[in-house]
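Counting from 1, the numbers follow the sequence of the chain as shown.
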Amino acid sequence: MYHLIYIGDIMIFIGLFAFIGFVVVGLNMYDDYNLQKIENYINKEKCEKYIYSKGSYKALCEDRLLKISNSFSIDIKKDKIEYNYKDIYSIEKEKKNILINDKNKISFSKVEELEKFYIQLEEKLNKQD
């Protein structure tokens, strides 16, 4: 009888572990769907260059900078922020952020990502002049 309880406990542990694994895999698949939905929108808007960093996409489009945050449920109309190039009068690097017009932050997780995006943004702004 002692062995049956022991085997039952192991079965409960295995079942719990399998359930947790199923939830993790399901959430990962859902997140991948969200990221694909955002990338499809960016491509539809004909944005040339984009990067995913710190939970959001930053994209350089023809006439605007686009930032779309990734969240559990995606509503692109609510989750996007647009900065028209003609309305940007200053950009500045601050740690791992780009400050737009001295108040709006675009955050990056790596300095290399920031540097590359900053240069591309500068080029876009210079073309607008």
Does L99 belong to the same Ile/Leu/Val/Met/Phe/Trp/Tyr cluster as L65, with side-chain heavy atoms less than 4.5 Å apart forming each link?
-> no
Are Y83 and L121 linked, directly or through other ILVMFWY residues, by side chains that come within less than 4.5 angstrom of each other?
-> yes
Test side-chain hydrogen bond (donor to acceptor under 3.5 Å, both in side chains) applied to E123 - qualifying residues, sequence neighbours left out = none
I88-F117 co-clustered via ILVMFWY side chain contacts under 4.5 Å = yes
Ion pair E113/K58, N-O distance below 4.0 Å | no
Has the side chain of Y50 got a donor or acceptor atom that lies under 3.5 Å from a matching backbone atom of N43?
-> no
Can you name the residues that form a side-chain hydrogen bond (donor to acceptor under 3.5 Å, both in side chains) with K116, not counting sequence neighbours?
-> none
Honestly curious: do L125 and Y118 fall in one hydrophobic cluster under the side-chain, below-4.5 Å linking rule?
-> yes
Is the shortest heavy-atom distance from the side chain of I42 to the side chain of I68 under 4.5 Å?
-> yes
Salt-bridge criterion met for E115 and K93 (N-O under 4.0 Å) | yes
Nearest 0.5 Å please: distance from the CD1 atom of I51 over to the CG atom of L60.
-> 10.0 Å
E48 side chain near K124 side chain, heavy-atom distance below 4.5 Å = yes
Which atom of K105 lies closest to which atom of E94, heavy atoms considered = CE-OE1, 3.4 Å
Using the side-chain contact (heavy atoms from CB on, under 4.5 Å) rule, take E92 and D102 through it: C-alpha gap first, then chi angles, then the decisive distance, then the call.
-> CA-CA 8 Å; E92 185 179 326; D102 300 322; 4.1 Å; yes
Salt bridge E82-K80, side-chain N to carboxylate O under 4.0 Å = yes
Nearest-0.5 Å distance, CG of residue N104 to NZ of residue K67 = 9.0 Å
Can you tell me how far CD of Q120 sits from CD of E122, rounded to the nearest 0.5 angstrom?
-> 11.0 Å
Are I81 and I106 grouped together when hydrophobic residues (ILVMFWY) are joined by side-chain heavy atoms under 4.5 angstrom apart?
-> yes
Whether N97 side chain and L114 backbone form a donor-acceptor pair below 3.5 Å = no
Would you please name every residue forming a side-chain hydrogen bond (donor to acceptor under 3.5 Å, both in side chains) with N40, sequence neighbours left out?
-> Q36
Atom of Y89, atom of N101 and distance for their closest heavy-atom approach | N-OD1, 2.8 Å
Taking the side chain from N84 and the backbone from R64, do they hold a donor-acceptor pair closer than 3.5 Å?
-> no
Exercise: identify the closest heavy-atom pair between S69 and I38 | O-CD1, 4.1 Å
